Amino acid sequence: MESLTFSSVSTRHFSSSFPRKTHSPTSFTASSSPHALSFRSSNSSSARELWGTVNSQRVITVRRERRGVIRAEMFGQLTSGLESAWNKLKGEEVLTKENIVEPMRDIRRALLEADVSLPVVRRFVQAVSERAVGVGVIRGVKPDQQLVKIVSDELVKLMGGEVSELTFAKSSPTVILLAGLQGVGKTTVSAKLALYLKKQGKSCMLIAGDVYRPAAIDQLVILGKQVDVPVYTAGTDVKPAEIARQGLQEAKKKNVDVVVMDTAGRLQIDRTMMDELKDVKRILNPTEVLLVVDAMTGQEAAALVTTFNLEIGITGAILTKLDGDSRGGAALSVKEVSGKPIKLVGRGERMEDLEPFYPDRMAGRILGMGDVLSFVEKAQEVMKQEDAEDLQQKIMSAKFDFNDFLKQTRAVAQMGSMSRVLGMIPGMGKVTPAQIREAEKSLQIMEAMIEAMTPEEREKPELLAESPARRKRIAQESGKTEQQVSQLVAQLFQMRVRMKNLMGVMQGGSVPALSNLEEAIKSEQKAPPGTARRKRRSESRKQFAGSSGRPNPRGFGGAN
Ligand SMILES: Nc1nc2c(ncn2[C@@H]2O[C@H](COP(=O)(O)OP(=O)(O)OP(=O)(O)O)[C@@H](O)[C@H]2O)c(=O)[nH]1
């Protein structure tokens with residue numbers, strides 16, 4: 001038996017007892033990563049304060065903490081290795097060539113420890129570094145969050161980007177040929193796959209082609225019964241290619257949609273095995289040839305996919321035992337090394353434990369930061385840099401008007417329900433659903449009033465400040481009270497002052513960085529009681545006085 005020379009393929013992970021009557025289940029090792037995410041909660045006054053800021057500037061952030069509820073589900077070691085990279089960026093304002101050196105070193109180390117192949121790691125680190133340095137500042141997003149997003153995008157790319165669906169033949173039956181080394185889970189996968197396809201409404205038939213391990217045929221028959229799918233068997237004395245021919249004939253007779261053929265595994269890749277597989281492939285002319293690989297073999301799985309592809313030509317891989325103690329190397333290397341996608345993954349011993357391989361979900365699981373990712377995406381979507389710059393100009397020149405107010409309000413609506421947005425903001429932990437409903441209601445009220453304004457009034461809130469008649473008309477048209485209209489106008493002026501104060505605290509830079517804003521908010525909160533608020537109030541009055549020519553100590557609720 002001539003062995004193929006492929007040095008990195010070994011079988012040290014497989015049991016060598018043959019035939020194997022029973023299969024020892026892979027021990028499930030739950031991720032013990034201590035790293036988890038939670039949102040910091042703070043007192044409700046700071047929550048309200050922050051909501052005020054969000055209301056006016058849509059400045060949102062998410063803060064990760066090491067204790068909490070959302071736990072990285074798998075690849076715990078990789079997850080925590082990457083986490084140390086983000087931690088190195090705490091306190092930084094922007095990503096620079098200099099400050100990403102250390103985090104990139106951590107990322108490189110984490111990937112190598114996860115058994116990702118070196119060339120893949122090198123390419124990955126280079127791609128992330130280039131993007132990190134070139135990335136602009138997105139308002140409200142911190143450098144560590146930005147790096148998480150970049151790493152996530154690159155991980156998704158590395159794993160093939162899109163989910164790679166199974167291909168079906170134009171005319172039935174679609175034939176799926178399974179191959180792989182011994183003990184990787186082929187027989188189990190055959191039955192799992194039949195169940196998976198059955199759930200998609202396809203009729204299936206299994207062909208038992210593992211003639212070297214008699215127990216494999218029995219095993220497939222039992223599993224076939226379990227998932228209620230017929231199994232074609234021809235014993236162990238018939239050559240696999242002949243079994244394939246007979247089985248296919250039977251499937252055509254039965255008019256089944258999909259035929260799945262299980263084949264024998266070997267302890268190592270050998271010429272006989274490959275030749276036998278080639279024969280089977282020639283007879284079946286399969287739509288899919290899927291190599292079943294064990295996730296625990298790390299980058300060796302990727303090498304194996306490459307070898308099988310070169311030897312017999314495969315269409316993709318099925319990665320099994322992802323529920324086990326795998327470090328992630330296989331999931332991350334297969335596509336990049338072999339060019340062939342992982343189509344399905346096995347995540348347990350039950351028949352239901354087979355699912356499509358979603359690169360984005362996998363990246364999310366590795367990073368364990370679904371919330372940060374969705375936050376950054378939303379922030380990117382909503383807070384376009386140009387808008388932010390435009391807004392800043394307006395704030396600095398105190399020209400923030402009702403159009404901006406409306407635009408900002410609608411931007412929040414675009415981000416999804418307010419409860420979701422609030423959920424992403426640290427300090428919002430204590431906001432009750434009732435408060436959220438209240439906030440949503442008041443936004444609707446504001447919108448109604450702004451919609452009743454003329455374009456001129458929206459651009460020049462001073463017109464409303466000066467004219468009770470205009471406020472009365474808006475109240476009537478929007479179905480609100482005059483007091484509500486007055487409050488809205490007052491709020492806009494207060495907002496101008498408040499925003500200007502906050503912007504003043506920030507040092508340079510065309511787009512405000514969130515950390516500065518947060519500091520500014522905090523320092524406002526820390527100021528001795530009364531000072532900041534008094535100052536704000538007096539500035540607000542000054543502004544208002546400037547616009548109307550006379551201060552109104554009674555505010556807008558008063559009869560004027
Ligand atoms: N935890 C876990 N165990 C799995 C998974 N897939 C298969 N197994 C187990 O792995 C062992 C080997 O599975 P088999 O299906 O017999 O492997 P095989 O590739 O057909 O083995 P050979 O016929 O010897 O080549 C069994 O105990 C399965 O229950 C999985 O996704 N997760």
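Counting convention: from 1, in listed order, for ligands and their atoms alike. None of these values were measured; they are calculated from a predicted model.
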Where on [X] is there a heavy atom closer than 4.0 Å to ligand 1, on the side chain, on the backbone, on both, or on neither?
| X | result |
| --- | --- |
| Asp323 | side chain |
| Met296 | neither |
| Asp210 | side chain |
| Gln219 | side chain |

Margin query: Check Lys90 with Asp144, please: is the shortest side-chain N to carboxylate O separation under 4.0 Å?
Written below: yes
Checklist line | Salt-bridge criterion met for Glu336 and Lys157 (N-O under 4.0 Å) | finding: no
Check: Can you tell if the side chain of Ile176 reaches within under 4.5 Å of the side chain of Leu193, non-hydrogen atoms only?
Finding: yes
I'd like to check which ligand 1 atoms, numbered from 1 as shown, lie under 4.0 Å from a non-hydrogen atom of [X].
| X | answer |
| --- | --- |
| Arg347 | 31 (O) |
| Thr187 | 15 (O), 18 (P), 20 (O), 23 (O) |
| Gly265 | 25 (O) |
| Lys192 | 5 (C), 6 (N), 30 (C), 31 (O) |

Next item on the list: Please determine, by modelled atom types, if Glu130 and Gln126 share a side-chain donor-acceptor pair under 3.5 angstrom.
Entry: yes
Notebook entry, point to check: Regarding Asp294 and Thr297, is there a side-chain donor-to-acceptor distance under 3.5 Å anywhere?
Noted result: no
Item checked: Closest approach of Glu355 to Tyr196 (non-hydrogen atoms, all atoms of both residues) -> CA-CE1, 4.5 Å
Considering both backbone and side-chain atoms of [X], is one of its nitrogen or oxygen atoms within less than 3.5 Å of a nitrogen or oxygen in ligand 1?
| X | value |
| --- | --- |
| Lys186 | yes |
| Glu349 | yes |
| Gly183 | yes |
| Ala216 | no |
| Gly185 | yes |
| Gly346 | yes |

Check: Does the Ser203 side chain pair with the main chain of Asp257, one donor and one acceptor, at a distance under 3.5 Å?
Finding: yes
Notebook entry, point to check: Among Val189, Leu178, Val175, Leu177, which one satisfies side chain to side chain contact (heavy atoms under 4.5 Å, CB included) with Val260?
Noted result: Leu178
Margin query: Would Lys202 and Phe168 count as a cation-pi pair here, with the cationic atom under 6.0 angstrom from the ring centre and within 45° of the axis?
Written below: yes
